[in-house]
Protein chains: 2
Amino acid sequence: MAAAKSAQSEAGPRKRRPRDSLSRAVILAAAEQIALRDGLEGLTFGALGTELQAHSTSIYRHFRDKDELVLELIDALRAKSYGDQLVSTGDWREDLRLIATAIHEHYLRYPGFAQQMAARTTRRPTEFHNVEFALDAMRRAGLEDEDATLCVRVFGNHVRAVSAMEASLRMLDDEARTMDELAWTVEYRQLSAEEFPNISRTSDKLLTVGDPRLFSEGVEMFLDSIELRAKRAKAARRKRS
Amino acid sequence: MAAAKSAQSEAGPRKRRPRDSLSRAVILAAAEQIALRDGLEGLTFGALGTELQAHSTSIYRHFRDKDELVLELIDALRAKSYGDQLVSTGDWREDLRLIATAIHEHYLRYPGFAQQMAARTTRRPTEFHNVEFALDAMRRAGLEDEDATLCVRVFGNHVRAVSAMEASLRMLDDEARTMDELAWTVEYRQLSAEEFPNISRTSDKLLTVGDPRLFSEGVEMFLDSIELRAKRAKAARRKRS
DNA sequence: ACCTGAACACCGTTCAAGT
DNA sequence: ACCTGAACACCGTTCAAGT
């Protein structure tokens with residue numbers, strides 16, 4: 001509704017693309033450019049065609065369908081963003097903050113892909129490395145294996161899901177977003193004190209859905225909860241022996 | 001790729017829809033039926049037309065565009081699912097479990113709408129009531145207003161985001177989903193013990209992304225964290241006086 | 001073998017024409 | 001005023017034809 005499409009109409013005779021000049025790597029590079037420039041919704045076979053100066057349908061020789069292309073792109077972006085950046089600091093809390101921040105920032109950089117990145121398993125080196133890194137931090141926090149595997153998943157799901165939700169907010173039309181944000185600073189203050197006593201009392205303190213403090217506070221709450229679990233496990237061990 | 005479309009081709013002369021028989025309510029009821037039967041991706045103007053036995057474009061007289069229709073539908077579904085069901089038990093932990101479960105189940109019942117339900121503000125009675133209910137539970141947990149408003153948001157974001165992510169898993173093609181699930185039970189067990197010692201050691205305990213235990217465990221971890229905050233605030237109050 | 005062009009079955013949306 | 005029909009500008013995907 002807002003963005004303008006770049007016209008290409010003045011085509012001429014269309015020069016034929018040189019043989020073997022197309023490959024998965026070339027196509028992915030073009031896809032990355034488009035994704036960075038126009039987001040996921042701009043990434044169509046048509047746009048890829050003009051970006052590559054090739055016919056849209058030639059891509060089907062190199063990728064089975066759009067889903068395969070998108071998954072491959074997701075992994076490439078992930079490796080680029082934080083492929084080798086996760087190095088342990090020795091402090092488990094700091095390490096979990098590190099990986100949470102990396103994922104959060106990555107999702108906000110590519111908001112159009114966030115939902116797919118959050119929900120799908122790519123089973124590739126970057127993903128394996130993330131799990132290993134988080135498991136190690138959980139172990140150093142003092143969790144036993146059962147709790148560690150559980151917490152890795154719960155914590156990971158939280159970080160990915162909330163990051164994806166924030167990203168999807170960034171993708172909304174400006175109109176819808178400002179209306180949604182306005183609601184929290186205006187409409188909630190006008191509710192009746194009898195029917196909604198708690199809202200009325202705290203309406204000047206209510207936070208907006210995308211407030212930047214929310215993510216880091218959520219992480220801290222999880223870290224506290226993990227520490228509590230470790231203490232309980234320790235106490236149970238002491239009791240048993 | 002999997003679902004079959006119901007043919008309607010044998011049209012005949014097409015009977016004209018009686019005058020004034022269309023309205024927002026009638027259209028929303030049809031949309032709800034389609035959503036429940038075929039999910040969000042089945043909800044097209046074409047499908048609405050055949051369901052209503054009317055021309056697709058007649059809907060534009062009653063809704064500005066598809067977005068308006070979808071938002072209205074979301075609110076109707078929400079009111080139906082848990083409009084009046086949130087009654088306090090007196091126990092703040094139980095109350096927060098109650099609202100978390102209600103939202104979780106609602107999102108899984110309408111997986112196609114989950115992402116929109118999670119991210120957007122409808123500023124309508126059901127939403128106001130949810131916030132009031134959660135704020136009251138936080139207050140009874142012993143949180144002061146600053147912490148209560150923060151925790152309502154962090155907890156709410158967690159519940160909605162994770163529920164939406166689980167729902168989006170349910171929406172995947174069967175092929176993609178089984179491949180993704182297989183990864184966690186097969187590929188992760190084959191990683192080398194030198195490079196990934198923690199994964200190897202715990203590979204038989206790793207949980208799949210959509211494991212049903214994960215949601216309730218995440219809620220419990222938050223409740224623990226809230227209780228911890230309340231204790232800290234209490235201690236700080238005692239120190240001050 | 002690789003790239004192209006035309007075609008197909010869908011979308012949401014607009015607008016003049018019927019009743 | 002309300003509903004219809006044809007048309008438009010997009011999608012992803014298939015397949016026979018060019019080179």
Side-chain angles (χ1 to χ4, degrees), chain A residues 1-9 11-27 30-31 34 38-73 112 116 173 176, chain B residues 1-9 11-27 30-31 34-35 38-73 112 116 173 175-176:
Chain A
M1 234 176 215
K5 297 271 167 178
S6 60
Q8 187 244 21
S9 320
R14 172 184 269 290
K15 31 187 164 181
R16 195 180 180 88
R17 173 116 198 159
R19 210 180 171 74
D20 282 314
S21 64
L22 235 46
S23 66
R24 288 172 79 98
V26 171
I27 294 170
I34 295 171
D38 307 319
L40 180 57
E41 78 276 19
L43 182 60
T44 68
F45 280 86
L48 266 171
T50 67
E51 180 80 20
L52 290 162
Q53 299 222 61
H55 202 272
S56 352
T57 61
S58 22
I59 294 150
Y60 279 92
R61 192 141 294 271
H62 301 90
F63 291 94
R64 192 159 61 93
D65 54 19
K66 198 183 179 185
D67 191 58
E68 188 180 300
L69 193 156
V70 167
L71 279 188
E72 204 85 35
L73 180 57
Q116 299 237 40
D173 290 25
Chain B
M1 238 180 214
K5 297 270 170 184
S6 59
Q8 187 244 19
S9 319
R14 171 182 270 290
K15 32 188 162 180
R16 196 179 179 90
R17 174 119 196 155
R19 212 179 171 76
D20 282 315
S21 63
L22 235 45
S23 66
R24 287 172 80 98
V26 171
I27 294 170
I34 296 172
D38 306 321
L40 180 58
E41 78 276 19
L43 183 61
T44 68
F45 280 85
L48 267 171
T50 67
E51 180 81 20
L52 289 162
Q53 299 222 63
H55 203 269
S56 352
T57 60
S58 21
I59 295 151
Y60 279 92
R61 191 143 295 271
H62 301 90
F63 291 94
R64 192 159 61 92
D65 53 18
K66 199 183 176 182
D67 191 58
E68 188 181 300
L69 193 156
V70 167
L71 279 188
E72 203 85 35
L73 180 56
Q116 300 236 43
D173 289 26
E175 187 201 338

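Letters A, B, ... are given to chains in the order of the sequence lines, protein chains preceding strands, and every chain is numbered from 1.
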request  = Apply side chain to side chain donor-acceptor pair (under 3.5 Å) to Arg24(A) and list each qualifying residue two or more places apart in sequence or on a separate chain.
outcome  = Glu68(A), Glu72(A)

query = Of all residues at least two apart in sequence or in a different chain, which pass the side chain to side chain contact (heavy atoms under 4.5 Å, CB included) check with Thr57(B)?
reply = His55(B)

inquiry  = Whole angstroms only, please: what is the NZ-P distance between Lys66(A) and dC10(D)?
reply    = 15 Å

request  = Can you figure out which of dT4(D), dT4(C), dT13(D) approaches the side chain of Ala54(B) most closely?
outcome  = dT4(D)

inquiry  = From CZ of Phe45(A) over to P of dC10(D), roughly how many Å is that when rounded to an integer?
reply    = 18 Å

message = I'd like to check Leu22(B) versus Arg61(B) (side-chain heavy atoms, cut-off strictly below 4.5 Å). Are they in contact?
response = no

Any protein N or O atoms within reach of nucleotides 17-19 of chain C? Criterion: under 3.5 Å, listing atom names and distances.
{"unit_1": "dG18(C)", "atom_1": "N2", "unit_2": "Arg16(B)", "atom_2": "NH2", "d": "2.8"}

key: Atom-to-atom span, CG of Leu48(A) to P of dG12(D) - whole angstrom   = 9 Å

remark   = Looking only at dC11(D), dG5(C), dC2(C), the nucleotide nearest the Asp20(A) side chain is dC2(C)

key: Dot-bracket encoding per residue of DNA chain C, Watson-Crick/G-U cut-off under 3.5 Å, | denoting interstrand   = ||.|||||...|||||.||

message = Taking donor-acceptor contacts at under 3.5 Å, does the side chain of Thr57(B) reach the base of dG5(D)?
response = yes

query = Using a cut-off of less than 4.0 Å, is there contact between a side-chain N or O of His62(B) and OP1 or OP2 of dC3(D)?
reply = yes

request  = Find which nucleotide of DNA chain D each of Ile59(B) and Leu43(A) is nearest to by heavy atoms, and output the residue with the more 5' nucleotide.
outcome  = Ile59(B)

ask   = What integer distance in Å separates Tyr60(A):OH from dG5(C):P?
value = 17 Å

ask   = To the nearest angstrom, how far is His55(A) atom NE2 from dG12(D) atom P?
value = 14 Å

key: Candidate nucleotides dT14(D), dC11(C), dC3(C), ranked by approach to the side chain of Ser21(A) - the nearest   = dC3(C)

query = Going from CD1 on Ile59(B) to NZ on Lys66(B), what distance comes out if it is rounded to the nearest 0.5 angstrom?
reply = 10.0 Å

request  = Specify the closest pair of heavy atoms between Leu48(A) and Ala30(A), including all atoms of both residues, with the distance to one decimal.
outcome  = CD2-CB, 4.1 Å

message = dC2(D), OP1 or OP2 - any side-chain N/O from Ser58(B) closer than 4.0 Å?
response = no

request  = Decide yes or no for Asp38(B) and Leu43(B): does some side-chain heavy atom of the first lie under 4.5 Å from some side-chain heavy atom of the second?
outcome  = no

request  = Apply ring-ring contact (aromatic ring centres under 6.0 Å, His included) to Phe63(A) and list each qualifying residue two or more places apart in sequence or on a separate chain.
outcome  = none

query = Among the nucleotides dT4(C), dT13(C), dT13(D), which one has an atom lying closest to any side-chain atom of Asp65(B)?
reply = dT13(C)

note = What one should report as the nearest heavy-atom pair of Ser21(B) and Val26(B) is O-CG2, 3.9 Å

query = dC11(D) P sits how many Å from Leu40(A) CG, rounded?
reply = 12 Å

request  = Name the nucleic acid region contacted by Ser23(B), choosing base, sugar-phosphate or nothing; use a 4.0 angstrom heavy-atom cut-off, strictly under.
outcome  = nothing

query = Quick one: Leu69(B) CG to dT13(C) P, roughly how many Å, whole number?
reply = 10 Å

ask   = What residues form a side chain to side chain contact (heavy atoms under 4.5 Å, CB included) with Leu71(A), not counting sequence neighbours?
value = Asp67(A), Ile74(A), Arg120(A)

remark   = Rounded to whole Å, CD of Gln53(A) lies from C1' of dC3(C) at a distance of 14 Å

ask   = Which atom pair, heavy atoms only, marks the closest approach of Tyr60(A) to Asp65(A)?
value = CE2-CA, 4.4 Å

request  = Could you please name the option among dC3(C), dT13(D), dG5(C) that lies closest to any side-chain atom of Arg17(A)?
outcome  = dC3(C)

